[in-house]
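Everything on this sheet refers to the single structure shown next.
We count ligands from 1, going down the list as the structure has it; atoms in each ligand are counted the same way. The basis for the numbers below is simple: all heavy atoms, side chains too, and nothing from hydrogens, waters or symmetry mates.
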Amino acid sequence: MALPLPLPRRAGRRTNVGLLGLLLLAGGTGVLAFAVGSPGPARLVVAAHGAAGLGLLLLVPWKAVVVRRSWRRPAGTRGTGGVSLGVATLLTLLTGVLHAGGGTGPWSWSAGIPVLHVHVAVGVATGALVLVHAWGRRQRPRATDLDRRGLLRAGALGAGAVALWGAGEGLLRLTGAPGAERRATGSFERGTDDPAAMPVTQWISDVVPDSPATVLELVGTGRRVRVPVADLDRGDVVRAVLDCTGGWYAVQDWRGVRLDRLLAEHLGGELPADGSVDVVSVTGFQRRLPLSEAGGLLLATHAAGRPLSPGHGAPVRLVAPGRRGFWWVKWVERVEVVDAPWWLQSPFPLK
Ligand code: HEM
Ligand SMILES: Nc1nc2c(c(=O)[nH]1)N[C@H]1C(S)=C(S)[C@@H](COP(=O)(O)O)O[C@H]1N2
Ligand SMILES: [Mo]
């Protein structure tokens with residue numbers, strides 16, 4: 001019996017396009033969620049991320065029909081990698097929801113690895129599998145995609161996704177789950193005003209240095225100045241949130257010296273207005289920030305009134321209020337004023 005092959009394909013097209021759209025949105029907002037630090041934008045991005053991810057569930061009944069039809073067709077006419085993609089997607093959803101709901105409870109910290117890290121890893125794998133799966137079955141946009149019915153369906157899917165996310169958030173609040181307390185970025189509080197209780201984390205592969213810096217090198221305006229780290233505690237205090245992309249945050253009173261003050265004292269006042277500043281660790285970890293922000297940046301030697309521990313960046317680390325943890329360079333040995341724009345660097349550190 002010959003099956004009318006094109007028909008089932010077309011019948012499932014909108015479902016597949018919807019799934020692809022949600023997956024791309026979830027991937028994009030996921031990466032964005034790691035980049036934004038200020039609560040307002042972060043709340044929006046994280047909400048869109050949750051809605052896009054949970055919205056995938058709304059299409060499961062339709063996708064089930066598409067899948068069942070495809071399994072009736074001869075093997076050569078099916079897509080590739082569908083099963084692994086399905087499993088990876090569900091694992092990504094599961095770990096995302098576990099993180100959002102569970103916080104620092106036993107569900108969330110598996111063998112020392114934050115569930116959020118597992119989430120990101122399977123999320124990235126899902127992204128790769130999507131490309132493989134969708135590539136061989138590329139669809140051209142059609143005029144009917146943007147007709148009244150098409151837009152209505154897309155709108156209904158969007159509204160349903162947001163409603164599902166809202167229901168989830170409501171449930172966390174009603175049940176008093178730890179997730180109700182998480183920050184706009186999705187992070188959970190750990191070790192506020194108690195640096196010893198704050199996790200020690202490295203971005204990827206950095207390690208606590210054996211011999212920390214004893215002098216800080218300042219470079220710029222044709223000068224190179226070496227300042228003993230013992231001279232860096234000038235009593236400038238900033239209360240700021242260290243918010244790690246591993247899913248935790250802590251608020252501390254950081255003490256040290258404001259960066260603009262330090263640069264003005266040692267390099268003179270003629271700093272380029274539109275320049276940047278490279279903050280470099282003894283281990284080679286570094287970030288470039290706009291010089292215009294220097295007034296808000298602190299080189300900290302103390303947290304909560306006590307000297308920094310080796311793990312937390314002793315003798316001196318950067319405090320970058322409003323920026324995610326990976327900007328807070330630990331074990332700083334050099335600060336260099338440069339002409340290049342700050343965005344001319346990898347968006348995330350590489351080590
Ligand atoms: C296809 C890929 C992805 C899907 C389907 C997905 C889905 C989800 C879902 C459903 C949640 C739970 C949201 C909630 O219950 O409110 C979540 C949380 C989260 N995801 Fe993803 N995710 C993906 C990829 C990523 C990537 C690549 C990143 C980061 C680079 C990321 C970062 C996060 C963060 C930070 C949270 C916590 C947000 C919160 O607490 O509400 N996700 N994700
Ligand atoms: N030199 C260096 N600084 C670093 C990192 C790193 O790997 N190397 N990790 C960053 C990240 S991702 C975070 S969240 C904070 C963690 O600071 P903590 O270990 O004091 O909690 O340090 C940042 N500074
Ligand atoms: Mo981090």
- Message: Using a 4.0 Å cutoff against the non-hydrogen atoms of T283, which atoms of ligand 2 qualify?
- Response: 1 (N)
- Message: If I apply the N/O under 3.5 Å rule, does W248 come out as touching ligand 2?
- Response: no
- Are any of the heavy atoms in T95 under 4.0 Å away from ligand 1? no
- Query: For atom 8 (N) of ligand 2, which candidate among T245, D243, I204, D206 holds the nearest heavy atom?
  - Reply: D206
- Query: Can you list the ligand 2 atoms lying under 4.0 Å from a non-hydrogen atom of L242?
  - Reply: 17 (O), 21 (O)
- Task: Out of P349, P195, G325, indicate the one that has the non-hydrogen atom closest to atom 10 (C) of ligand 2.
- Result: G325
- Best match, W327, F285, Y249, W328: closest heavy atom to atom 24 (N) of ligand 2: W328
- Message: Quick one, K351 with Q202, criterion side-chain hydrogen bond (donor to acceptor under 3.5 Å, both in side chains). Give me CA distance, side-chain angles, the key distance, then yes/no.
- Response: CA-CA 9 Å; K351 74 173 284 175; Q202 280 23 295; over 6 Å; no
- Of the listed options A52, A100, S187, closest to atom 15 (O) of ligand 1 (non-hydrogen atoms): A100
- For atom 20 (N) of ligand 1, which candidate among H117, R43, H49 provides the closest heavy atom? H49
- Taking distance alone, with no angle check, do P199 and ligand 2 share an N/O pair under 3.5 Å? yes
- Decide whether an N or O pair under 3.5 Å exists between T185 and ligand 1. no
- Item | Closest candidate by heavy atom, reference atom 17 (O) of ligand 2, pool H312, E333, R317, M198 | R317
- For G50, the atoms of ligand 1 under 4.0 Å from one of its heavy atoms are 13 (C)
- With only distance considered, is W331 within less than 3.5 Å of ligand 2 through an N or O on each side? no
- Parallel, tilted or perpendicular: which describes the rings of F188 and H99, with under 30° parallel and over 60° perpendicular? perpendicular
- Query: If you count the atoms of ligand 1 from 1 in the order shown, which ones are under 4.0 Å from a heavy atom of A26?
  - Reply: 3 (C), 4 (C), 5 (C)
- Ligand-side contact atoms (ligand 1) for residue partner L56, heavy atom cut-off under 4.0 Å: 5 (C)
- Query: What's the verdict on side-chain hydrogen bond (donor to acceptor under 3.5 Å, both in side chains) for T126 and T92, showing C-alpha distance, side-chain angles and the deciding distance?
  - Reply: CA-CA 8 Å; T126 302; T92 307; 2.9 Å; yes
- Give the numbers and elements of all ligand 1 atoms closer than 4.0 Å to a heavy atom of L93. 10 (C)
- Any N or O of K351 that comes nearer than 3.5 Å to an N or O of ligand 2? no
- Counting each atom of ligand 1 from 1 as listed, which ones have a heavy atom of R182 under 4.0 Å away? 16 (O), 39 (C), 40 (O), 41 (O)
- Heavy-atom nearest neighbour of atom 37 (C) of ligand 1 within options E169, R183, H99: H99
- Message: Distance under 4.0 Å to a non-hydrogen atom of G186: what atoms of ligand 1 satisfy this?
- Response: 39 (C), 40 (O)
